[in-house]
Amino acid sequence: MPELPEVETIVRGLRPTLPGKTIERLRILHADVLRQPRREFSARLKGRTFESVDRRGKNIVAHLTEGVVLVVNLGMTGRLVWARDETPTTHPAVRFTVNAGPALVYDDVRRFGRLEAMNETEWALRDRDLGPEPLSSTFTAQRLHEDLSRSVSPIRSWLLDQRRVAGVGNIYANEALHLAGIHPQRSCKSMTEGEARKLHRALRRTLSSAVENRGTTLKDYRDASGNPGDNASRLRVYGRGEEPCLRCSTRVCRLVFGNRSAFYCPSCQPFGSGVTA
DNA sequence: AGTGTATCCTGCAGGC
DNA sequence: TGCCTGCAGGATACAC
């Protein structure tokens with residue numbers, strides 16, 4: 001659910017309010033969202049003060065005093081929200097009581113999300129396994145083309161692999177491939193330099209415009225204040241199976257592989273040429 | 001190395 | 001109304 005634009009929106013919402021807050025108490029209502037024993041999680045965080053909040057891929061990364069790093073991956077339905085009356089939390093899993101203002105609540109219907117408190121060294125190791133940030137200057141069309149040339153995976157599967165590119169999920173992978181005119185099952189190494197450049201541009205455009213629209217809310221996603229995003233109406237193919245392509249009116253197809261739905265326009269994204277390269 | 005499959009969970013929509 | 005099935009934005013472990 002929450003991909004790069006949604007996590008970025010949450011982080012931007014937390015930035016003005018979270019730093020300076022000290023965790024006074026933690027209540028763990030569902031320990032299965034923790035990646036470590038609950039006592040260790042609590043001991044590392046209790047009494048620490050938030051200093052900054054960042055995003056890495058789909059992870060919220062909060063830095064606290066004494067070198068403690070809180071990493072939150074929201075899974076499908078996770079939310080990190082301030083507990084206020086206008087944004088009721090239906091499935092709270094962890095509640096952080098802070099020294100001033102409302103509590104910070106990790107709420108997650110399906111509990112696929114994960115939280116972990118670690119030190120800087122542990123975080124550096126985790127960070128190293130993630131691919132480049134698609135909106136950063138280190139992510140170039142040339143690098144993308146080189147990386148693609150080493151894989152025989154279908155391009156959609158490759159885009160979802162967080163070790164290749166960090167932050168892309170099923171919605172934006174499908175959207176970017178449509179914008180780039182590339183079939184989701186095309187093999188990575190069949191990608192020409194021109195196609196890699198198109199895909200590079202499509203990824204950046206798709207993700208940055210979704211950030212501007214504060215993320216895509218299909219059902220569950222909410223920002224740190226509990227508000228939905230505005231990007232859902234901008235989706236061109238995701239969730240639009242059987243509906244006409246907004247570009248050419250051909251019926252959008254739905255295909256399942258890698259255990260996920262892929263949506264594409266067979267006319268704008270032909271499987272066609274270059275497949276067996 | 002890569003892929004398909006199952007798994008962790010709950011909720012919702014659709015068919016009967 | 002109830003029951004059943006399939007589906008959902010993610011990550012990971014397993015066998016092959």
Side-chain angles (χ1 to χ4, degrees), chain A residues 1-10 28-36 55-61 71-80 88-94 106-116 126-127 129-131 134 147-178 184-190 203 206-207 210-211 213-223 228-242 254-263:
Chain A
M1 152 210 189
E3 306 181 27
L4 184 155
E6 291 75 36
V7 178
E8 180 65 27
T9 303
I10 291 167
I28 297 161
L29 300 105
H30 287 287
D32 54 1
V33 301
L34 305 182
R35 286 183 61 133
Q36 67 201 132
R55 178 191 60 74
R56 176 73 172 103
K58 300 176 193 171
N59 301 290
I60 299 166
V61 185
V71 180
V72 180
N73 185 292
L74 302 166
M76 297 274 243
T77 52
R79 298 176 183 178
L80 198 56
T89 51
T90 55
H91 296 71
V94 181
Y106 179 71
D107 189 271
D108 193 344
V109 172
R110 294 174 71 181
R111 301 203 304 281
F112 284 179
R114 291 294 178 265
L115 285 73
E116 186 172 6
R126 192 77 69 73
D127 178 63
D129 285 336
L130 293 171
D147 290 348
L148 289 172
S149 70
R150 282 183 243 110
S151 171
V152 296
S153 289
I155 182 66
R156 203 281 313 258
S157 304
W158 192 91
L159 289 171
L160 294 187
D161 187 339
Q162 300 301 296
R163 295 168 302 183
R164 315 295 186 192
V165 190
V168 179
N170 205 27
I171 293 181
Y172 301 112
N174 280 282
E175 292 298 308
L177 287 168
H178 179 262
Q185 285 184 304
R186 282 276 307 281
S187 107
C188 292
K189 65 191 304 184
S190 77
L203 279 167
T206 303
L207 293 168
V211 169
N213 292 315
R214 307 178 49 81
T216 299
T217 297
L218 296 180
K219 196 159 88 69
D220 300 298
Y221 165 70
R222 294 294 182 281
D223 68 14
D230 298 326
N231 199 64
S233 61
R234 309 292 193 95
L235 301 181
R236 296 154 147 268
V237 282
Y238 186 85
R240 299 192 60 249
E242 303 299 307
R254 173 174 175 265
L255 181 70
V256 178
F257 67 96
N259 256 339
R260 320 288 296 272
S261 290
F263 297 92

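We use all heavy atoms of the structure for the numbers below, so side chains are in, but hydrogens, waters and symmetry mates are not. The sequence lines fix the lettering, A, B, ..., with proteins before strands; numbering per chain opens at 1.
At C:dC7, none of the side-chain N or O atoms of A:Ser261 fall inside 4.0 Å of OP1 or OP2 (strictly under the cut-off). For the OP1/OP2 pair of C:dG9 and a distance below 4.0 Å, the side-chain nitrogens and oxygens of A:Asn170 include at least one atom meeting the criterion. Side-chain N/O atoms of A:Thr216 include none lying less than 4.0 angstrom from OP1 or OP2 on C:dG9. The phosphate of B:dA6 has neither OP1 nor OP2 within less than 4.0 Å of any side-chain N or O from A:Asn259. Using a 4.0 Å cut-off, some side-chain N or O of A:Tyr238 falls inside it from OP1 or OP2 of C:dG9. Under 4.0 angstrom from either OP1 or OP2 of B:dT7 there lies no side-chain N or O belonging to A:Arg111. A sub-4.0 Å separation between OP1 or OP2 of B:dA1 and a side-chain N or O of A:Ser151 is absent. Of the side-chain N and O atoms in A:Arg150, none sit less than 4.0 angstrom from OP1 or OP2 of B:dG2. Here A:Lys58 reaches the OP1 or OP2 of C:dA11: one of its side-chain N or O atoms lies under 4.0 Å away.
Here the nucleotide nearest the side chain of A:Val109, chosen from B:dG2, B:dT10, B:dC9, is B:dT10. Side-chain proximity of A:Gln162 to C:dA11, C:dG9, B:dG2: nearest is C:dA11. Comparing atom distances between the A:Ile171 side chain and each of B:dT3, C:dA11, C:dG9 picks out C:dG9 as nearest.
To the nearest angstrom, C1' of B:dC9 lies 13 Å from NZ of A:Lys219. We find that CG of A:Leu130 is positioned 9 Å from P of C:dA11, with the value rounded to whole Å. In this structure, A:Asp147 places its CG atom 17 Å from C1' of B:dG2, rounding to the nearest Å. Between A:Arg164 atom CZ and B:dT3 atom P the separation is 9 Å, expressed in whole Å. Here the P atom of nucleotide C:dC7 and the CZ atom of A:Phe263 are 11 Å apart, to the nearest Å. What separates CG of A:Asp220 from C1' of C:dG9 is a distance of 9 Å, to the nearest Å. B:dC8 atom P lies 12 Å from atom CZ of A:Arg114, rounded to whole Å. Separating the CG atom of A:Leu4 from the P atom of C:dA11 is a distance of 12 Å, rounded to the nearest angstrom.
The separation of C:dG6 from B:dT5, taken at their P atoms, amounts to 15 Å, rounded to a whole angstrom. Remark: the separation of the C1' atoms in C:dG2 and B:dC9 is 23 Å, to the nearest Å.
Of all nucleotides present, only B:dG11 satisfies the Watson-Crick or G-U wobble test against C:dC7, with each distance under 3.5 Å. Of the nucleotides present, B:dG2 is the one that pairs with C:dC16 by Watson-Crick or G-U wobble criteria, both distances under 3.5 Å.
Salt-bridge formation is detected for the pair A:Asp147/A:Arg150: a Lys NZ or Arg NE/NH1/NH2 atom is positioned less than 4.0 Å from an Asp or Glu carboxylate oxygen.
One can find a donor-acceptor pair under 3.5 Å joining the base of B:dC9 and the side-chain atoms of A:Arg110.
A:Ser157 comes within contact range of no nucleotide atom at all, as no heavy-atom separation falls under 4.0 Å. At a threshold of 4.0 angstrom between heavy atoms, the contacts of A:Arg163 with the nucleic acid are absent. Residue contacts for A:Arg156: at a heavy-atom cut-off of 4.0 Å it reaches no nucleic acid atom on any strand shown. Among the heavy atoms of the strands, none lies under 4.0 Å from A:Asp108.
Once rounded to the nearest 0.5 Å, the distance linking CD of A:Gln185 with OG of A:Ser190 reads 12.0 Å. Atoms CG and CZ, from A:Asp220 and A:Arg222 in turn, are 7.5 Å apart once rounded to the nearest 0.5 Å. Taking CZ of A:Arg35 as the start and CG of A:Asp32 as the end, the distance is 13.5 Å to the nearest 0.5 Å.
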Q: Go through A:Asp108 and A:His91 one step at a time and tell me if the side chain to side chain contact (heavy atoms under 4.5 Å, CB included) criterion holds.
A: CA-CA 6 Å; A:Asp108 193 344; A:His91 296 71; 5.8 Å; no
Q | side chain to side chain contact (heavy atoms under 4.5 Å, CB included) evaluation trace for A:His30 with A:Tyr106 | A | CA-CA 10 Å; A:His30 287 287; A:Tyr106 179 71; over 6 Å; no
Q: Given side chain to side chain contact (heavy atoms under 4.5 Å, CB included), test A:Lys58 with A:Leu74 step by step and report yes or no.
A: CA-CA 8 Å; A:Lys58 300 176 193 171; A:Leu74 302 166; over 6 Å; no
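In this structure, A:His91 and A:Phe112 both approach DNA chain B, and ranking their closest nucleotides by distance from the 5' end singles out A:Phe112.
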